[in-house]
Amino acid sequence: MKTFQGKTLSWQVVEGAIELTLDHAPCNEIGLAVLAELEQFVGVLPKLRDEAHALIISSARTEGFCAGGDLRELFHLSQELPAAERLPGLRDFIERIHAVMNAFDEAPFTTIAAVNGLTFGGGFELALTCDLIIADKMARFCFPELRLGLIPGFGGIPRLKRDLGNALVRDLVLTGRSINATRAQSAGVVSQVTAEGDVLRVARQTAAQLKKFDRGTALAAKRFIKPIPYDELRREVEIFCDLFMRPAVEKGLRKFVESKEALPYLP
Amino acid sequence: MSSLQSTTDEVLQLAAEHFKVPREQLTADDDFFKKLGINSLQALDLLTRIEHHFKIELPDYELQGVSDFRTLAERIQLRL
């Protein structure tokens, strides 16, 4: 299978690069529907290793790459469950997300996040699984989770720590503020900044360059440069689940869900 | 360093161009959410354009409660 058209995403192999396009209104929020199709996609990845040398993840949404986890869905699903089943239900969801994120991180070829607009929370975490993040100059990055009484739970902290100086990790996580693409590039988290609307062209050009090199050598280099922080990722699951069960989170989520604002977690 | 007046003028010009509102219809005391008809997502877009234009970094929490162009320009001025 070289193409797939799902309800929330699609992918195709174009000149040896897999192009995974997220397209789920309003801004590719990761809930059960997106997660199921991402799982389907990562399940196919091993079969594509002989056909592809790169993976580009991008968004068809002009609003952004991905606004993060679908908090409204998470809140409502959590409320529907009996109290005793909430933690196991949450843990199952988080474990599935981590399995998908790890699969992207471990992908046997070079991965590129071609990001535009909002790249928040789980969207930022998805981008951080990639070997390269290429950002439209209008992209913004943010971990707003603390505003909800949570920490990033999709693998964001260990992967951001892996990629950044710790001062900016603390700044982003503890203040919840957003940064633009130029700032993200100066911090070392974005490797190239493109003109507005030009991110996919540049990503494709980069993917074409990657094709010139021996895949085995590229994979060896990637595994040497970018080790996966499995132990910290496990610790993150525990901390996130512990925090999620606290009353402050339910209060924060309720406020979020009931807000009419486009981005109610912003100040 | 630019004066507050020139910073305000530049912000008004930037907002007018991007949100396609005639410049002469915007004044420093206008509520930009109402006057431009934008939501917080679009305000974030304006913030990104401001950061690029003035070559500054303006944390979004510094704009908490800011809704008029003059105060926005004052916050920018502090970062120039």
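Quick caveat: nothing in here was measured; it's all calculated off a predicted structure. Chain A is the first sequence line, chain B the second, and so forth, proteins listed ahead of strands; every chain is numbered from 1.
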* Any side-chain donor-acceptor pair under 3.5 Å between B:T48 and A:N180? -> no
* Please round to the nearest 0.5 Å and tell me the distance separating atom CD of B:Q42 and atom CD of A:E63. => 10.0 Å
* Asked: Which pairs count as salt bridge (charged side-chain N to carboxylate O under 4.0 Å, His left out) when at least one residue sits in residues 30-39 of chain B, sequence neighbours excluded?
  -> B:D30-B:K35
* To do: Could you grab the distance from atom CZ of A:R177 to atom CD of B:E57, nearest 0.5 Å is fine?
  => 4.0 Å
* To do: State the CG-CD1 distance between B:L58 and A:I179, to the nearest 0.5 angstrom.
  => 14.0 Å
* **Residues in residues 124-140 of chain A that sit under 4.5 Å from chain B, counting heavy atoms only** => A:K137, A:M138, A:R140
* To do: Inspect the surroundings of CZ in A:R235 and state if more than 12 heavy atoms from other residues, nucleotides or ligands are less than 6.0 Å away.
  => no
